[in-house]
Amino acid sequence: MNQPLDDLEGVLDLRVEQLRRESDGVVSLTLVDPDGGALPEWTPGAHIDLGLPGVVRQYSLCGDPADRFTYRVAVLREENSRGGSRYVHEALRVGELVEVGGPRNNFALAPAERYQFVAGGIGITPLLPMIAAAEASGTPWSLAYGGRLRSSMAFTAELAAHGDKVDLAVEAERGPLDLAALLGIPRTDTAVYCCGPEGLLAAVEERCADWPDGSLHIERFKAKAVAGDAAADREFEVVCDRSGTTVRVPADRTVLDCLDEAGIVVDSACREGICGSCETKVLSGDVDHRDSLLSADEQASGQTAMLCVSRARSERLVLDL
């Protein structure tokens with residue numbers, strides 16, 4: 001039985017129109033409205049939530065935003081799957097209905113004079129529509145796409161149409177991506193967009209440390225290890241300004257769970273601080289951010305918080321709820 005997306009608004013039941021093998025270990029799903037209706041609009045970098053048996057997972061949309069009638073996502077077969085990817089690869093069939101929430105975009109393509117895209121493995125998926133958008137606008141771009149084996153790298157046939165703008169770094173053939181050559185010299189005219197495994201993201205973050213603020217844009221598929229403030233693992237108060245409800249959040253409970261018990265409905269999907277569905281405006285209070293989504297500047301501003309993981313350094317948080 002599927003874990004329902006009850007905590008999200010606008011959930012749709014979409015039909016699997018196509019399942020296609022894109023590489024060793026990667027299949028793509030094409031989803032459509034069973035009645036042939038148009039789907040909610042999205043922009044490059046957006047993702048959707050899929051309600052799969054026992055789990056809710058987020059997948060980047062990797063099709064064409066101009067196509068209002070289909071969504072395409074790609075799913076990597078993970079060895080330590082908690083059920084989501086295994087189900088898609090082994091049990092999901094064409095014609096079945098899947099619960100879909102979203103789309104949401106926490107990885108939007110900002111205007112830039114030039115783009116440097118960096119992908120590792122399945123991290124190519126959110127970059128595909130970005131590349132198409134850059135190409136359509138005439139903005140210069142290049143892609144460095146790393147993978148262990150050529151056979152495991154998805155969508156290479158699509159990317160081949162872009163010629164030498166795409167550099168396929170097959171580790172088994174030539175070693176890993178040369179990030180020092182790629183990002184060693186900071187550029188003021190270039191936005192860097194990167195998605196992939198945590199090791200790649202950490203290395204790119206290190207290489208871009210001296211780049212101008214705001215140059216680097218990263219999306220994580222899994223929550224990074226976040227060191228919270230140990231002193232903040234204590235009880236605090238949350239005030240919901242619009243509803244007038246106040247709840248106490250014990251040291252061993254999340255804000256999201258306590259609000260849910262109090263009847264305050266907040267969108268939620270991943271509960272790991274990576275999807276952004278529970279992002280809420282903070283009116284006052286000092287947030288102990290523990291998400292893997294907001295940038296350092298966004299966290300420092302304290303304007304919003306991911307209620308599934310973040311806590312409070314202050315005695316009270318006042319939220320726009």
Side-chain angles (χ1 to χ4, degrees), residues 3-12 40 43 45-49 51 55-58 99-108 110 213-214 217-321:
Q3 173 181 322
L5 291 167
D6 288 343
D7 292 335
L8 287 175
E9 295 182 0
V11 174
L12 301 173
T43 54
H47 69 266
I48 56 175
D49 306 298
V55 296
V56 175
R57 289 290 178 264
Q58 289 72 45
E99 284 188 322
V100 175
R104 291 187 303 278
N105 198 339
N106 307 304
F107 192 43
D213 291 344
H217 307 262
I218 277 180
E219 181 167 64
R220 286 179 162 85
F221 288 139
K222 296 181 180 180
K224 65 180 179 180
V226 179
D229 183 351
D233 284 337
R234 52 175 172 74
E235 186 173 286
F236 58 95
E237 186 175 76
V238 170
V239 177
C240 301
D241 185 67
R242 283 187 281 120
S243 70
T245 301
T246 298
V247 300
R248 299 295 297 179
V249 181
D252 60 347
R253 301 292 305 282
T254 68
V255 175
L256 191 63
D257 285 341
C258 292
L259 290 176
D260 184 60
E261 286 185 358
I264 304 297
V265 177
V266 179
D267 280 357
S268 64
C270 74
R271 294 183 176 262
E272 296 178 353
I274 57 173
C275 78
S277 60
C278 67
E279 184 174 9
T280 301
K281 185 177 181 181
V282 177
L283 301 179
S284 69
D286 188 6
V287 181
D288 178 16
H289 294 283
R290 303 187 182 189
D291 64 272
S292 302
L293 185 60
L294 296 176
S295 68
D297 287 343
E298 289 170 332
Q299 289 186 350
S301 75
Q303 294 182 1
T304 66
M306 305 300 165
L307 303 187
C308 63
V309 293
S310 295
R311 301 188 65 78
R313 292 191 177 94
S314 54
E315 293 293 330
R316 172 185 294 184
L317 286 181
V318 180
L319 304 177
D320 185 24
L321 289 172

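Positions are given from 1, in the same order as the sequence printed here.
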- Go through the steps to decide whether Glu99 and Val56 satisfy the test side chain to side chain contact (heavy atoms under 4.5 Å, CB included), and finish with yes or no. CA-CA 9 Å; Glu99 284 188 322; Val56 175; over 6 Å; no
- Query: Can you list the residues that meet the salt bridge (charged side-chain N to carboxylate O under 4.0 Å, His left out) rule with Asp320, with sequence neighbours excluded?
  - Reply: Arg242
- Is the closest side-chain heavy-atom distance between Cys240 and Leu259 below 4.5 Å? yes
- Check Gly276 against Met306 and note the closest heavy-atom contact, atom names and distance. CA-SD, 4.0 Å
- Note on the structure: Sorted by chain and residue number, the side-chain contact (heavy atoms from CB on, under 4.5 Å) partners of Arg316 (sequence neighbours excluded) come out as Glu237, Val239, Val318
- Message: Tell me which one of Leu319, Leu321, Leu283 satisfies side chain to side chain contact (heavy atoms under 4.5 Å, CB included) with Asp241.
- Response: Leu283
- Hits for side-chain contact (heavy atoms from CB on, under 4.5 Å) against Ser295, two or more places apart or cross-chain, chain-then-number order -> Asp297, Glu298
- Task: Output all residues satisfying side-chain contact (heavy atoms from CB on, under 4.5 Å) with Asp257, sequence neighbours left out; order by chain, then residue number.
- Result: Arg253, Thr254, Arg271
- Message: Tell me every residue that passes side-chain contact (heavy atoms from CB on, under 4.5 Å) with Val287, counting only those two or more places apart in sequence or in another chain.
- Response: Val282, His289, Ala305, Ser310, Leu317
- Message: Tell me every residue that passes side chain to side chain donor-acceptor pair (under 3.5 Å) with Thr43, counting only those two or more places apart in sequence or in another chain.
- Response: Asn105
- Query: Any side-chain heavy atom of Asn106 within less than 4.5 Å of one from His47?
  - Reply: yes
- So, Arg234 side chain and Arg313 main chain: donor-acceptor pair closer than 3.5 Å or not? yes
- Note on the structure: Between Phe236 and Arg311, the two heavy atoms sitting closest are CE2-NH2, 3.4 Å
